[in-house]
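To keep things clear, I will list the structure first and then write my remarks on it.
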Amino acid sequence: MRRIMVYFRRALKKSFDNIRNEQLKNNLLQAVPFWIGSVITGFFAVMYAKIFAWGENLLHFILNWHDWMIFIIAPIGFVLSWWLVKEFAPNAKGSGIPQVMAAVELANPKEHRKIRSLLSLKIIVFKILSSVVLVIGGGAVGREGPTIQIAGSIFRKVNEYLPDWWPKISKKNMIMTGAAAGLAAAFNTPLGGIVFAVEELSKTHINYFKTALFTAVIIAGLTAQTLAGSYLYLGYPKTNDVSLMVMFPIILVAGVAGILASQLSVIMLRINHWKKRKLKTDRSNILFLIGCALIIACISFFISREILGSGKEIMERILFTQDKHEAWYVPVLRMFGPALSFTSGGAGGIFAPALTAGASIGSVISGIIHLTPNETNVVVLGGMVAFLTGITRAPFTSAIIVLEMTDRHSLIFHLMLAGMISSIFSILVSRHSLYDVLKGNFLSELRNEVKS
């Protein structure tokens, strides 16, 4: 085996040396790390998705067996998820997107060493473990934000392992490209990954890394499709024969969703701030987590299980069955659950829960104003874009993600309208997005550690 590897390496080197164009050689060497990172990212994204889905299925299996088990597994899940992060990888908590945003800002000669606490192999391991434990315990979290931090960690590690003679690659470009590849692989939305990198992460002109960005997104997406098959995150909802008058319900839903999403962000930030001031000991944190878990357990047992998990099954039911109109309290549950889960201190994303909250708002309002099934689908998709925009303040990313996960290209103007309206209304509640504030918190903590 060793002889084969030596022979292969020599043959590859000989072929590479035959290239006369030095600029082409340099470009190839710079491209290889992005290709390697993309393949690894695609593999991890698919494996993580399967493990996360197994966790959600295990939760439903347990509850279908005995629904009172939620009172046992919820406290255990919340506390264990928090403990894994606290003991082994403190910066693996939450979504992971603010950590990637902070890492991009730290990618400069003076501060680049601080990035390893945000993006590392340890982060990958405990991000996956903590989020899966939390979702088994009934936490209303998703896997998409964590996939982005995992991908950023993979790309940073690939860059770190390059030998000294290798052409230098910008750490910032490497991390941003990794994040885009992670989102593309998580949702199977290549355009969404590219727009996310430009809209959320990049303060650099895209011309400096557009080739690496495009190829990384393509390779990560193709790797994920090879392993998981060609799929849409949600499928093909029926939206034909809808008049332009549907724009008015979309505006209404987008405004409501934008305000509620921004308010949810404010509430989660206030909970985090309160925890930091009041919960100084492990005992107080554990009591808080048990309290949150029991609240979710009570709601699940006595009212509805809709509060549990990422909520993907809710979106699928609304869009693809005749049961299109949720009860009035479902949007409240789909905001209440993530508020308690996201602030628990464990790992878990807000992307899928935000999409579910937006879908449930669109579903309720569509039922109130008696829209047709196809009109309801359009309004629900608009609500998904609007709520995600209210959380991220990235309307184009939100619109493109929902567009690609449903393959409804004819709705591009409807979805962009929803994102625009939501971004306007969400500012009325708070000027800054959830991710921006959390990014600032991570940067402050890391810089204060160095000073102390």
Side-chain angles (χ1 to χ4, degrees), residues 8 12 15-16 24 27-54 96-97 100 119 124 127-128 142-159 161-162 169 173-202 206 208-236 312 349 351-352 396-409 412:
F8 179 74
L12 195 63
S15 300
F16 187 75
L24 178 58
N27 290 343
L28 281 172
L29 286 174
Q30 286 198 315
V32 168
F34 289 98
W35 297 345
I36 294 172
S38 300
V39 172
I40 298 172
T41 293
F43 174 79
F44 266 85
V46 172
M47 293 304 104
Y48 180 34
K50 290 182 181 297
I51 295 169
F52 197 89
W54 170 83
I97 294 177
V100 173
L119 305 173
I124 294 174
K127 195 80 180 179
I128 294 172
R143 59 173 171 83
E144 293 75 24
T147 304
I148 291 171
Q149 190 178 13
I150 290 168
S153 298
I154 290 169
F155 272 69
R156 189 197 77 82
K157 210 64 184 174
V158 169
N159 195 24
Y161 284 144
L162 295 178
I169 300 175
N173 291 352
M174 200 77 175
I175 294 169
M176 287 191 293
T177 304
L183 181 63
F187 277 121
N188 192 29
T189 54
L191 290 178
I194 293 168
V195 175
F196 171 75
V198 175
E199 189 175 25
E200 274 284 34
L201 302 176
S202 176
I206 191 174
Y208 292 121
F209 69 109
K210 65 180 179 182
T211 303
L213 177 64
F214 291 173
T215 55
V217 164
I218 291 167
I219 293 171
L222 288 175
T223 303
Q225 284 195 7
T226 301
L227 296 171
S230 181
Y231 71 98
L232 290 178
Y233 187 86
L234 285 177
Y236 304 90
K312 185 179 178 183
F351 257 62
F396 296 114
T397 299
S398 303
I400 295 299
I401 285 175
V402 173
L403 176 76
E404 288 191 283
M405 66 169 56
T406 56
D407 196 25
R408 301 292 83 178
H409 295 84
I412 181 62

Full working for side-chain contact (heavy atoms from CB on, under 4.5 Å) between Ile412 and Ile400
CA-CA 8 Å; Ile412 181 62; Ile400 295 299; 4.3 Å; yes
Rounded to the nearest 0.5 Å, what's the gap from [atom1] on [X] to [atom2] on [Y]? Could you check?
| X | Y | atom1 | atom2 | result |
| --- | --- | --- | --- | --- |
| Leu119 | Asn159 | CG | CG | 11.5 Å |
| Ile194 | Leu183 | CD1 | CG | 10.5 Å |
| Ile401 | Tyr233 | CD1 | OH | 10.0 Å |
| Tyr161 | Arg156 | OH | CZ | 9.0 Å |
| Ile36 | Phe155 | CD1 | CZ | 10.0 Å |
| Lys157 | Ile40 | NZ | CD1 | 12.0 Å |

Take the angle between the ring planes of Phe351 and Phe187 and call it parallel below 30°, perpendicular above 60°, tilted in between.
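Because their plane-to-plane angle lies in the 30° to 60° range, the rings of Phe351 and Phe187 count as tilted.
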For Ile124 and Ile154, what are the C-alpha separation, side-chain angles and deciding distance, and is it a side-chain contact (heavy atoms from CB on, under 4.5 Å)?
CA-CA 8 Å; Ile124 294 174; Ile154 290 169; 3.8 Å; yes
Should we count CZ of Phe396 as having more than 12 external heavy atoms under 6.0 Å?
no
Please determine whether side-chain contact (heavy atoms from CB on, under 4.5 Å) holds for the pair Ile150 and Ile128, giving the CA-CA distance in whole Å, both sets of side-chain angles, and the decisive distance to 0.1 Å.
CA-CA 9 Å; Ile150 290 168; Ile128 294 172; 3.7 Å; yes
Shortest non-hydrogen separation from [X] to [Y] and the atoms involved:
| X | Y | result |
| --- | --- | --- |
| Ala352 | Gly142 | CB-CA, 4.3 Å |
| Ala181 | Ala216 | CB-O, 3.9 Å |
| Thr41 | Ala151 | CG2-CB, 3.6 Å |
| Ala185 | Gly42 | CB-CA, 4.4 Å |
| Ile169 | Met174 | CG2-SD, 4.0 Å |
| Gly37 | Val158 | CA-CG2, 4.1 Å |

Beyond-backbone contact of Phe196 with Ile148, side-chain heavy atoms, under 4.5 angstrom:
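Result yes, sub-4.5 Å side-chain heavy-atom pair found.
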Donor-acceptor check, side chain of Arg143 to backbone of Lys50, threshold 3.5 angstrom: yes or no?
no
Would you kindly say whether Asn188 and Glu404 are connected by a side-chain donor-acceptor distance under 3.5 Å?
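No donor-acceptor contact under 3.5 Å links the two side chains.
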